[in-house]
A.B. asks: 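A single structure is presented below for examination.
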2 protein chains.
Amino acid sequence: MDDVIARLECAEHPDALQAVIEWLRDYYSVDDIVYHWVSSNGDQYGCGTYDPKWVARYLEKGYLRIDPVVIGCYQRFHPVDWKRLDWSGKAARSFMQDAAEHGVGHQGYSIPIRGPNGQFALFTVSHSCDDEQWASFTELNRRDLILLAHYFNQTALKLEPGRKPEPTQPLSPREVETMTLLAVGYSRAQVAETLAISEHTLRVYIESARFKLGALNTTHAVARAMARGQIIV
Amino acid sequence: MDDVIARLECAEHPDALQAVIEWLRDYYSVDDIVYHWVSSNGDQYGCGTYDPKWVARYLEKGYLRIDPVVIGCYQRFHPVDWKRLDWSGKAARSFMQDAAEHGVGHQGYSIPIRGPNGQFALFTVSHSCDDEQWASFTELNRRDLILLAHYFNQTALKLEPGRKPEPTQPLSPREVETMTLLAVGYSRAQVAETLAISEHTLRVYIESARFKLGALNTTHAVARAMARGQIIV
DNA sequence: CCCGGCCTCACCAGAAATGGGGAGTTGGAA
DNA sequence: TTCCAACTCCCCATTTCTGGTGAGGCCGGG
């Protein structure tokens, strides 16, 4: 374990992640291990031992917005066993069947990981075995998996595969206040009143913030400011 | 360590966190350890060994939006040493001085933790010693601290001290699509076009989503949907 | 079988936001 | 000192959003 973490910490190329993940699969003797993230812009990055055909199909079908693992983990903090997720709904059902047909095990344990800039990633272990075996496996390895997930994400963030640095121009104090108040539902007039400035001035802040954030309108600007962690709501 | 984590996992009352944190402070022989979170609604919860006067002053002064530790960690994923944060700016300076006067050590190591619903928490260890000692301490204990931070947050989330469950009414698929597209900067007309529906219909979705989210306007609705993890941007 | 939630469409009038001008002060950095 | 970024204020015209009301088809659960 220490060895793996050390390798992650000094990794300098994404291939290292893939190598580690394959090593881990053998080490734990499970069917699959996958790390994948999806962030703001919608494109994603990941590595793992799933059949490439399944990965391609997943992307092609846009399963990201259907997959109960993603949706469920997105609203959780704890690692979660797939069985505890919501598999009702016909979209989820057909997704599950499709996954099974592509060789994905029916047991799974996923750890959600969150980073700045609205980053969200999953570290998943999947296998085929009965419920009891699976329960004892997850119970035994939970702590290691949490730490692994953390270091995997740390490494992935460091390597930032082709991810543009996005110069995240900082907002001025007034701009931050403006965005924050807009995010909690105030109208322009109310924000102006709260900050004790004219609404005209307020507009200048909104527009400059929008410009700095590269946003197309106010809602977009607020969403970006939130996603990038530039405002604390 | 295992003992501490076990105690966190079976904790049933917030006092357990306080007890554990005090035990940890003695175990590591540091000046202070603090866990605190701040989430959507702005109110916060925490426990730690800081002087209550300092805690009160922190809240009273609204230091949350000035504290470089909070602001800095909010945009990071890795644990961070206080020295690596941005302490320029007069607000930050006077904050630092005020903290020092209230007995806060000048060395610090903070671990950001993120949960669903836009939850953000910090697990901080603070001390007074020279840089080298501090560097070796953090190097040595980093991994334990990450795991501790994780389990602290898990416990805090479980206990949810007085935090309303916020029945998080789920959005319908169309509502999710609508909110998502608005969050990435589309105007109402563009969203309607993208979804191939009339703008009138779109408005119905926005309004029903706004209603479900308890939001005052579109921007607010998008912000809430993001913060609650109901849309993946 | 019926109810309720979801999806779809329509009209209207008023309120709010946007885009693009210009212009002055202050305080900190180069 | 000079310069720039931040902060403040104002006008105009146009586009966009919002609030209220109404209505029909579809599908799944009780």
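All values derive from a computational prediction rather than experimental measurement. Chain letters run A, B, ... following the sequence lines, proteins first and then strands; every chain starts at 1.
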A.B. asks: Check for a donor-acceptor pair, side chain of B:W87 on one end and backbone N or O of B:W82 on the other, with a separation under 3.5 Å.
C.D. replies: yes
A.B. asks: Using the six-membered ring wherever Trp is involved, compare the ring planes of B:H102 and B:W54 and label them parallel, tilted or perpendicular (cut-offs 30° and 60°).
C.D. replies: tilted
A.B. asks: Using a cut-off of 4.0 Å on non-hydrogen atoms, how would the nucleic acid contact of A:S208 be classed: base, sugar-phosphate, or nothing?
C.D. replies: nothing
A.B. asks: Cation over ring, B:R114 on B:Y74, under 6.0 Å and within 45°?
C.D. replies: yes
A.B. asks: In whole angstrom, give the distance that lies between atom NE2 of B:H220 and atom C1' of D:dT18.
C.D. replies: 16 Å
A.B. asks: Would you mind reporting whether A:I113 and A:Y35 have side-chain heavy atoms less than 4.5 Å apart?
C.D. replies: yes
A.B. asks: I need the CD-P distance between A:E177 and D:dT8, as an integer number of Å.
C.D. replies: 9 Å
A.B. asks: Taking only Lys NZ, Arg NE, NH1 and NH2, and the carboxylate oxygens of Asp or Glu, determine whether A:D51 and A:K53 approach each other closer than 4.0 Å.
C.D. replies: no
A.B. asks: Using whole Å, report how far CD of B:E207 lies from C1' of D:dG20.
C.D. replies: 9 Å
A.B. asks: Is a donor on one side and an acceptor on the other found under 3.5 Å between the side chain of B:D81 and the backbone of B:Y109?
C.D. replies: no
A.B. asks: For every nucleotide of nucleotides 3-12 of chain C, 5' to 3': is a protein heavy atom under 4.0 Å from its base (B), only from its sugar-phosphate (S), or from neither (-)?
C.D. replies: ---SSBBB-B
A.B. asks: What string of B, S and - do you get for nucleotides 23-30 of chain C, 5' to 3', if B is base contact, S is sugar-phosphate-only contact and - is no contact with any protein heavy atom under 4.0 Å?
C.D. replies: --------
A.B. asks: Report the distance from atom CD1 of B:I206 to atom C1' of D:dC17, rounded to the nearest whole Å.
C.D. replies: 9 Å
A.B. asks: Below 4.0 angstrom from OP1 or OP2 of C:dA16, is there any side-chain N or O of A:R188?
C.D. replies: no
A.B. asks: Does this structure show an ion pair linking B:D98 with B:K61, if we count only N-O contacts that are shorter than 4.0 Å?
C.D. replies: no
A.B. asks: Between B:F211 (CZ) and D:dT18 (P), how many Å, whole number?
C.D. replies: 17 Å
A.B. asks: Taking the ring of B:F77 and the ring of A:H150, is the distance between their centroids below 6.0 Å?
C.D. replies: yes
